[in-house]
Amino acid sequence: MNTTLSTIAQPLADEVKAQDWSDAHTRADGARHDRGMDRTKSDQLDADATEVVLMNVVWVTGQALAEDDPQFNIRAYAEACGVSNDRLLTRRGAPNGGIEAGIRPRRSRVVWDG
């Protein structure tokens, strides 16, 4: 897919893709994370669990982008974030509708009481 993303969605996708999500369950060190520079090595998720974390990050950030942009394409964004074809496509190679199902319809924002 070669869809152009907005000027905010593309840099956000680049940041999401650049992160190593495999140890996101044990660290909170922001966008500067580089496992190669870690002094201590934390437990890593396996590839499937890492992909689940990535997919959730895509959906949460994609939800905010969709609220701002009526033309937002969650599928193109997921691809730009580095989501694998295993999640983007069915076994037959057709688009997996689960990508779109992961975000709420526009203007149905949830308000949290805290």
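Residue numbers count from 1 along this sequence. The figures that follow rest on heavy atoms only: side chains count, while hydrogens, waters and symmetry mates do not. Predicted model, so just to flag it, every value in this text is computed and none were measured.
- With rounding to the nearest 0.5 Å, the separation of CD1 in I74 from CD in E79 is 12.0 Å.
- At least one side-chain heavy atom of L45 sits less than 4.5 Å from a side-chain heavy atom of V53.
- Nearest heavy-atom pair across N73 and A76 is OD1-N, 2.8 Å.
- With rounding to the nearest 0.5 angstrom, the CG atom of L65 is 5.0 Å from the OH atom of Y77.
- With rounding to the nearest 0.5 Å, the separation of CG in L12 from OG in S6 is 9.0 Å.
- In terms of heavy-atom proximity, F72 sits nearest to G62 at CE2-O, 3.4 Å.
- Within the structure, side chain to side chain donor-acceptor pair (under 3.5 Å) pairs that include any residue of residues 81-98 comprise E51-S84 (at least two apart or interchain).
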Start with the C-alpha gap between L54 and V16, add the side-chain angles, then the distance that decides, and say whether side-chain contact (heavy atoms from CB on, under 4.5 Å) holds. CA-CA 8 Å; L54 172 60; V16 170; 3.5 Å; yes
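- Atom CD in E15 sits 11.5 Å away from atom CD in Q10 (nearest 0.5 Å).
- At distances below 3.5 Å, not a single donor-acceptor pair connects side-chain atoms of W21 with backbone N or O atoms of M55.
- Summarising the geometry of A80 relative to L5, their closest heavy-atom pair is CB-CD1, 3.6 Å, with the distance given to 0.1 Å.
- In terms of heavy-atom proximity, I103 sits nearest to A66 at CD1-CB, 4.2 Å.
- Sorted by first and then second residue, the ring-ring contact (aromatic ring centres under 6.0 Å, His included) pairs involving residues 43-67 (not counting sequence neighbours) form an empty list.
- Sorted by first then second residue, the salt bridge (charged side-chain N to carboxylate O under 4.0 Å, His left out) pairs that include residues 93-103, not counting sequence neighbours, are R75-E100.
- Across all their heavy atoms, Q44 and S22 have their closest contact at NE2-OG, 2.7 Å.
- Cluster annotation: V60 and V52 are assigned to distinct hydrophobic clusters (Ile/Leu/Val/Met/Phe/Trp/Tyr, side-chain heavy-atom contacts under 4.5 Å, transitive).
- With hydrophobic clusters built from ILVMFWY side chains whose heavy atoms lie under 4.5 angstrom apart, I99 shares a cluster with L89.
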